[in-house]
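Inspection log for the structure reproduced underneath, given as structure tokens.
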Amino acid sequence: MSAPTAPAPARAPEPGRASLLGRSEGLRTGLLLLPPMLWLGVAYLAALGALFVTSLWAQNDFTGDIERVWTLDNYRQLWEVPVYRTIAFRTIGIAALVTVIDAVLAFPIALYMAKVASPRGRRLLVIAVLMPLWASYLVKAYAWRGMFSEGGLIDAVGKPFGIQSPGYGLTATTITLAYLWLPYMILPIYAGLERVPDSLFEASGDLGAGSFTTLRRVVLPMAFPAVVAGSIFTFSLSLGDYIAVTIVGGAGQLIGTVVYANVGSANNLPFAAAFATVPVVVMLLYLAAVRRTGALENL
């Protein structure tokens, strides 16, 4: 009886064939990425370029026609007129406040979803977080308008306790925006906390750390990139919002409402484009600051 023969070792691909396979994979990857990259270049980068070019044009004060002459008057007006500076800083402040409110509300919800709830409860909570996104934006904004109105739900519930509705204004705008963008903060934090190993909690407890110490020294540092990811959504969406501001903002103006007014009734597209570049610049600065913290590399 002859001894079994050992299997022949696998032959390494020839250098020329390996190079050909590598080029083929690269070609397929390039073709796969070509449509979304074209869409990004045409629909996003080209639109931003058109926005910037339009902001360098002027409007004829007599006829209202756009004059395609290069000028920095629109940006000079934004800087020299105090009301526009006030509106810009007000918008940034409200966007930052909305982000902080959403982070404070979202973190315990996401922590419970990721580490406390049962698998069935976790699925139900994820559905509950996503359900507001299924409703129309306008329906949610007008629902808050009804609650903030005089004699609305807030007045009806708070009247026995001496609580009145704040009415339409910046407070209503902040609350409405915080509600609208809260799911965009919960989901990234939930995804980040779900990746935190349970063994870290056990190890922290074995070393004598209490719940608050574990939360502060273990959970928060590991969840920081997820909080940053959520803040990018809430901050940017709040910066550019004008619909909710128009519905519940009352007389308070933000960048979005000024841009909308200049595109519509004022018909001053160059100035609207110039003011619309402010949120873009702010987000670029914010992303640059976030990148320096290293949070984006850990997402």
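L133 is listed as a side-chain neighbour of Y184, based on a closest heavy-atom distance under 4.5 Å. Contact annotation: the side chain of L138 approaches that of I243 to within less than 4.5 Å [non-hydrogen atoms, C-beta and beyond]. Residues M185 and I189 form a side-chain contact, since some pair of their non-hydrogen atoms from C-beta on lies under 4.5 Å apart.
Taking every heavy atom of both residues into account, S149 and Y168 meet most closely at CB-OH, 3.2 Å. Considering every non-hydrogen atom in both V248 and A141, the closest pair reads CG1-O, 3.9 Å. Shown here for L51 and A273, the closest heavy-atom pair between the two residues is O-CB, 3.4 Å. Minimum heavy-atom separation, P225 to M222: CD-O, 3.5 Å. Closest non-hydrogen pair, A223 versus L193, comes out as CB-CD2, 3.6 Å. Closest approach of M147 and S165 over heavy atoms only: O-OG, 4.1 Å.
Looking at N268, its side chain never comes within 3.5 Å of a backbone N or O of N262 through a donor-acceptor pair. Judged by distance alone, the side chain of T91 and the main-chain N or O of I255 form a donor-acceptor pair under 3.5 Å. Formation of a donor-acceptor pair under 3.5 Å by the T234 side chain with backbone atoms of T99 is not found in this model. For T176 (side chain) and T173 (main-chain N/O), no donor-acceptor pair under 3.5 Å exists by modelled atom type. Proximity of a side-chain donor or acceptor of N74 to a complementary backbone N or O of S55 within less than 3.5 Å is detected. A distance-only check finds a donor-acceptor pair linking the side chain of K140 to the backbone of P132 [under 3.5 Å]. At distances below 3.5 Å, not a single donor-acceptor pair connects side-chain atoms of R90 with backbone N or O atoms of L254.
The environment of Y137 atom OH is dense: over 12 non-hydrogen atoms of other residues, nucleotides or ligands sit within 6.0 angstrom. In W39, the CH2 atom is not crowded: 12 or fewer heavy atoms of neighbouring residues, nucleotides or ligands sit closer than 6.0 Å. Counted within 6.0 Å of OH on Y260, heavy atoms from surrounding residues, nucleotides or ligands total 12 or fewer; the atom is thus considered open. In F107, the CZ atom is crowded: over 12 heavy atoms of neighbouring residues, nucleotides or ligands sit closer than 6.0 Å. Under a cut-off of 6.0 angstrom, the local environment of OH in Y75 is crowded, with over 12 non-hydrogen atoms contributed by other residues, nucleotides or ligands.
The cluster map of Ile, Leu, Val, Met, Phe, Trp and Tyr, joined by side-chain heavy atoms under 4.5 Å apart, puts L180 and I232 in different clusters. Hydrophobic cluster membership differs between V100 and V227, with clusters built from Ile, Leu, Val, Met, Phe, Trp and Tyr side chains linked at under 4.5 angstrom. Follow the hydrophobic side-chain contacts under 4.5 Å out from L239 and you never reach L182; the two are in separate clusters.
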Problem - Steps toward side chain to side chain contact (heavy atoms under 4.5 Å, CB included) verdict (V196, V219) - result: CA-CA 8 Å; V196 177; V219 179; 5.7 Å; no

Exercise for the section: Go through the steps to decide whether V53 and W70 satisfy the test side chain to side chain contact (heavy atoms under 4.5 Å, CB included), and finish with yes or no. Expected result: CA-CA 9 Å; V53 170; W70 305 113; 3.9 Å; yes

Practice task
Apply side-chain hydrogen bond (donor to acceptor under 3.5 Å, both in side chains) to S231 and Y286, showing your working.
Solution key: CA-CA 10 Å; S231 72; Y286 181 70; 2.6 Å; yes

Exercise for the section: Could you walk me through whether L125 and Y112 pass side chain to side chain contact (heavy atoms under 4.5 Å, CB included), step by step? Expected result: CA-CA 10 Å; L125 287 172; Y112 181 85; 3.7 Å; yes

Practice task
Give the C-alpha distance, both sets of side-chain angles, the deciding distance and a yes or no for ring pair (Phe, Tyr, Trp, His ring centres under 6.0 Å) between F233 and W181.
Solution key: CA-CA 8 Å; F233 290 110; W181 312 137; over 10 Å; no

Exercise for the section: Step by step, work out the side chain to side chain contact (heavy atoms under 4.5 Å, CB included) result for R291 and L287. Expected result: CA-CA 6 Å; R291 185 178 180 184; L287 291 175; over 6 Å; no

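Rounding to the nearest 0.5 Å gives a distance of 8.0 Å between CD1 of I186 and CG of L105. Put simply, CZ on R68 and CG on L56 are 13.0 Å apart, with the number rounded to the nearest 0.5 Å. Distance check: F235 CZ to D102 CG gives 13.0 Å after rounding to the nearest 0.5 Å. Remark: E80 CD to D73 CG distance equals 9.0 Å, nearest 0.5 Å. Atom CD1 in I175 sits 7.5 Å away from atom CD1 in I101 (nearest 0.5 Å). Distance check: W57 CH2 to E67 CD gives 12.0 Å after rounding to the nearest 0.5 Å.
Between Y84 and F271, the distance from one ring center to the other falls under 6.0 angstrom.
Of the options M113, R122, K115, a side chain to side chain contact (heavy atoms under 4.5 Å, CB included) to E194 is made by R122 and by none of the others.
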